[in-house]
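Just follow the structure's listing: the first ligand is 1, and inside any ligand the first atom is 1. All heavy atoms count here, side chains included; hydrogens, waters and symmetry mates do not.
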Amino acid sequence: MFKKLAFLIVLASMILTACQPAVVATEAPVVDAPAATEAPVEAPVATEAPAKVWTYADMTVGFLQTGSEGGWRAANTASFKETAEQLGLNLKFYDSQNDLAKQVAGFQQFIEDPEVDVIIMSPLEVTGWEQVLKDAAAAGKPVILSDRRIDGFEDLYVTFIGADFVEEGRKAGTEMCKLLEGSEKKNVWELVGNVGAAPAIDRGKGFRETAEACGITVVNSQTANWSVVEGKQVTEAWLKESKDVQGIFGQNDEMAFGAIEALKEAGLVPAVDVKIISVDATAGAFQAMLDGTLNVTVECNPLLAPQVYEAALAALNGETLPKWIPSQESVFYMVDPNLKDIAAGRKY
Ligand code: AHR
């Protein structure tokens, strides 16, 4: 009996030992480690969908045009419509009818229009844009300024593609100095674009920088809203007061054409008795120079659409652009012997 018990004890200890893991005595007894949290399973990295690469065919542009105030604007509108067709992009065109409130409302419409991917604007005035620019940013719609700049908020638009209007004014002043060189008197009248517009502000600034340096006095300056009719009316009113004027600076061709008509009706010979300088270099200006009634026109290039659409596509593809891409421009002269050939080669 006693032997059987001893056998059972030995057998039991053998069985128990066999269940115990081998523990090297030298090792501190293993203390049950707290259950280790599961090693984080690497969440499968969600493969980022590759960023969309935009093409012109994908792009819907909302374009806010100022209105249709003259030859320059007609050429600018044609540039945007024709180039959109050539590139195969979808263009939604909004005519602001030269009314700032309408242009702001049109901007808001494009922000809310789910089809519009990018907004392009030719701003009627330099201020009044903060809210719609913030709304466009919140809606993730890039904004490109075409033709005219605005005051501030550079962080809220991608880029401004357009002329250096101050330089255009400087060029006009420099040319008026040349035309009046040696003149006993240097009284000049200025016909200004719509109040608050960048070209009106900046051309006036630039003109005074160079004109006043050669002794020119800007005796009269008044808005004629870019138009032939108002340019004539304002000049007629000035002529009723005095004919002591040696030069007229029209901030665009149309206002200069109005002044030319008024001078003729007052018995003065335009470009001879009174020197005339304008800005834009439209087909009408070349004709006036060929007719001998306009001395100089400073070019302001309206054919901006190819550059502007290229910037819009780059913006949609996440590219960073300079805040201003200035357009390149020339000056044209009535006395240029090649004027007829130059005029024949012009696109607008
Ligand atoms: O912004 C450009 C100006 O706008 C042009 O000089 C003028 O003709 C147009 O109204």
| message | Suppose we screen for ring-ring contact (aromatic ring centres under 6.0 Å, His included). Which residues come up paired with Tyr157, at least two apart in sequence or across chains? | response |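 Residues passing ring-ring contact (aromatic ring centres under 6.0 Å, His included) with Tyr157: none at all.
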| request: State which residues pass ring-ring contact (aromatic ring centres under 6.0 Å, His included) with Tyr94; sequence neighbours excluded, sorted by chain then number. | output: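 None.
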| Asp280 to ligand 1, any heavy atom closer than 4.0 Å | yes
| task | Compute the minimum heavy-atom distance from Pro199 to ligand 1 and say whether it is under 4.0 Å. | result | yes
Is the NZ or CZ atom of [X] both under 6.0 Å from the centre of the six-membered ring of [Y] and within 45° of that ring's axis?
X	Y	result
Arg346	Tyr348	yes
Lys323	Phe160	no
Lys52	Trp54	yes

Closest approach of any protein heavy atom to [atom], naming residue and atom:
atom	result
atom 2 (C) of ligand 1	Asp147 OD1, 3.3 Å
atom 3 (C) of ligand 1	Arg148 NH2, 3.7 Å
atom 9 (C) of ligand 1	Glu69 OE2, 3.3 Å

| note | Counting heavy atoms under 4.0 Å, the part of Arg203 that contacts ligand 1 is side chain
| request: Please determine if Arg73 has a nitrogen or oxygen closer than 3.5 Å to a nitrogen or oxygen of ligand 1. | output: yes
| query | Do Phe63 and Phe110 have their ring centres less than 6.0 Å from each other? | reply | no
